[in-house]
Amino acid sequence: MAKKEQAIELKQIDVQHAKITICGDGNLILNKMNDVTVRQLTNARKDKAKDTSKPNVWEEIITSMHWYKGKPTDFSEEGLIKALHENAPCITAFGLLKSFGDAIVRNGIDTYATKFKAGVNIPAEGGLVPVTFAEHYIDEKLMSPKKGAPVLVHLNRFSGWKATFDIAFVENIYSLEQIVNIINLAGFGIGIGSGRSSGYGRYHVEEVRG
């Protein structure tokens, strides 16, 4: 007897969109691996002779951030000032979305963040979310690597910062109100950027536009 085929009904996905603005409750530190460090690590792995020339500190500072309109090419103090006015430093959509998922697990909303990640997305150009700010500072800090002597690093710190990003979501998984509450939990307890364990990068939702 032939097996009866069962029809599978696929419901149309109703994707909703909203624009959310987060506002910093404290300073934001942006500090990804800069180009100078990447070159040093790459050369060491390839057994190339160590470059004894003094690294360009402005290249370190400028390339330790993601930039919305592409990486600047003028590695000088003037180049940094121009980039901060004409370009925009960025946080990553991936980092934001990960922090939202972490907030779900940490606050006992769900055992895993799988359902949230399946129903919520941040569609951002190049995966980057530009940051506006009131003031920019360069902090010098001695950091101790796992091997070797302490090294002096320069950290980009921003005060009075905000970021606006789009979210796409399937409402029958999480409602917009629930998503906003989750973002607030992530902003209060996790934050974004570097130095989060010291309280940097905390924020709250300032505006929601459907």
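Along the sequence shown, residues carry numbers from 1.
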Visitor: Do you know which two heavy atoms are closest between Val15 and Ala168, and how far apart they sit?
Guide: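 That would be CG1-CB, 4.0 Å.
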Visitor: Is Trp161 reachable from Ile190 through a run of hydrophobic residues whose side-chain heavy atoms are each under 4.5 Å from the next?
Guide: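 In one cluster: no.
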Visitor: Distance from Leu155 atom CG to Ile29 atom CD1, nearest 0.5 Å?
Guide: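 Here the rounded value is 5.5 Å.
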Visitor: Looking at every heavy atom in both Ala163 and Val131, which two are closest together, and how far apart are they?
Guide: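 Nearest heavy atoms, Ala163 then Val131: CB-CG2, 4.4 Å.
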Visitor: Can you confirm whether Arg209 sits close enough to Thr21 that some side-chain heavy atom of one is under 4.5 Å from a side-chain heavy atom of the other?
Guide: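 Counting from C-beta outward, Arg209 and Thr21 do come under 4.5 Å.
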Visitor: Should Asp35 and Arg39 count as an ion pair when the cut-off is N to O under 4.0 Å?
Guide: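 Answer for the salt bridge query: no.
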Visitor: For Asn156 versus Ile61, what's the shortest heavy-atom pair and its separation?
Guide: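 Between these two residues, the closest heavy atoms are ND2-O, 3.0 Å.
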Visitor: At what distance, to the nearest 0.5 angstrom, does CD of Glu59 lie from OG of Ser64?
Guide: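 If I round to the nearest 0.5 Å, the distance is 10.5 Å.
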Visitor: From Ile179 CD1 over to Gln16 CD, what is the distance, rounded to the nearest 0.5 angstrom?
Guide: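 It is 10.0 Å, given to the nearest 0.5 Å.
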Visitor: With rounding to the nearest 0.5 Å, note down the distance linking CZ in Phe169 to CG in Leu176.
Guide: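 One gets 4.5 Å once the value is rounded to the nearest 0.5 Å.
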Visitor: Could you report the tightest heavy-atom contact between Ile167 and Ile20, atom names first, then the distance?
Guide: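 Smallest heavy-atom distance, with atoms named: CD1-CD1, 3.7 Å.
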Visitor: Answer whether the closest heavy-atom distance between the side chains of Cys90 and Met65 falls below 4.5 Å.
Guide: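 The answer is no; the side chains never approach within 4.5 Å.
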Visitor: Surrounding OH of Tyr200 (heavy atoms of other residues, nucleotides or ligands, distance under 6.0 Å), is the total greater than 12?
Guide: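 No, not enclosed.
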Visitor: Let me see the working for Tyr203 and Lys162 under side chain to side chain contact (heavy atoms under 4.5 Å, CB included), right down to the final yes or no.
Guide: CA-CA 9 Å; Tyr203 60 84; Lys162 294 183 181 182; over 6 Å; no
Visitor: For a side chain to side chain contact (heavy atoms under 4.5 Å, CB included) check, start with the C-alpha distance between Met33 and Leu41, then their side-chain angles and the critical distance, and finish with the verdict.
Guide: CA-CA 11 Å; Met33 187 178 290; Leu41 293 173; 3.9 Å; yes
Visitor: Which atom pair, heavy atoms only, marks the closest approach of Arg202 to Gly187?
Guide: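 For Arg202 and Gly187, the tightest heavy-atom pair comes out as CD-O, 3.1 Å.
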Visitor: To the nearest 0.5 Å, what is the distance between CZ on Phe158 and CD on Glu135?
Guide: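 Going from CZ on Phe158 over to CD on Glu135, the span is 11.5 Å.
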Visitor: Is there a side-chain contact between His154 and Asn34 in this structure, where contact means two heavy atoms from C-beta onward sitting under 4.5 Å apart?
Guide: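 No; the side chains remain at least 4.5 Å from each other.
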Visitor: Would you say Leu97 and Ile22 are hydrophobically clustered, going by side-chain heavy atoms of ILVMFWY under 4.5 Å?
Guide: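 They do share one cluster, since a chain of ILVMFWY contacts under 4.5 Å joins Leu97 to Ile22.
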Visitor: Using the rule given for side chain to side chain contact (heavy atoms under 4.5 Å, CB included), can you reason through Asp14 versus Val170, listing the C-alpha separation, both sets of side-chain angles and the distance that settles it, and then say yes or no?
Guide: CA-CA 6 Å; Asp14 184 17; Val170 182; 5.9 Å; no
Visitor: Between Val120 and Ile173, is there a shared hydrophobic cluster once you connect ILVMFWY residues whose side-chain heavy atoms come closer than 4.5 Å?
Guide: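 Same cluster: Val120 reaches Ile173 through Ile, Leu, Val, Met, Phe, Trp or Tyr contacts under 4.5 Å.
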Visitor: Which heavy atom of Pro72 sits nearest a heavy atom of Trp67, and at what distance?
Guide: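 Heavy atoms only, the tightest pair is CD-CD1, 3.4 Å.
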Visitor: Does Lys141 NZ have over 12 foreign heavy atoms under 6.0 Å away?
Guide: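 No, not enclosed.
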Visitor: Check whether any side-chain heavy atom of Asp74 sits under 4.5 Å from a side-chain heavy atom of Lys82, and report yes or no.
Guide: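 Not touching, per the 4.5 Å side-chain cut-off.
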Visitor: Evaluate the criterion ring-ring contact (aromatic ring centres under 6.0 Å, His included) for residue pair Tyr174 and Phe116; output intermediate values, then yes/no.
Guide: CA-CA 7 Å; Tyr174 280 98; Phe116 181 85; 5.5 Å; yes
Visitor: Is there side-chain contact between Ile109 and Asn181, with heavy atoms separated by less than 4.5 Å?
Guide: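 Sidechains of Asn181 and Ile109: no contact.
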Visitor: Transitively linked via ILVMFWY side-chain contacts under 4.5 Å: Ile62 with Ile81?
Guide: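 Each belongs to a different hydrophobic cluster.
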Visitor: For the hydrophobic clusters of this structure (ILVMFWY residues joined by side-chain heavy atoms under 4.5 Å, transitively), does one cluster hold both Val57 and Val36?
Guide: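 As far as the 4.5 Å side-chain criterion goes, Val36 and Val57 are not connected within one cluster.
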Visitor: Is any side-chain heavy atom of Thr63 less than 4.5 Å from a side-chain heavy atom of Val38?
Guide: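 Not in contact.
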Visitor: So Phe133 and Leu84, do their side chains get closer than 4.5 Å, heavy atoms only?
Guide: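 Heavy-atom side-chain distance check passes, below 4.5 Å.
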Visitor: I need the Asn107 CG to Leu185 CG distance, nearest 0.5 Å.
Guide: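 So the CG of Asn107 and the CG of Leu185 are separated by 4.5 Å.
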Visitor: After noting the C-alpha distance and the side-chain angles of Ile122 and Phe100, does the key distance pass the side chain to side chain contact (heavy atoms under 4.5 Å, CB included) rule?
Guide: CA-CA 11 Å; Ile122 300 177; Phe100 303 161; 3.8 Å; yes
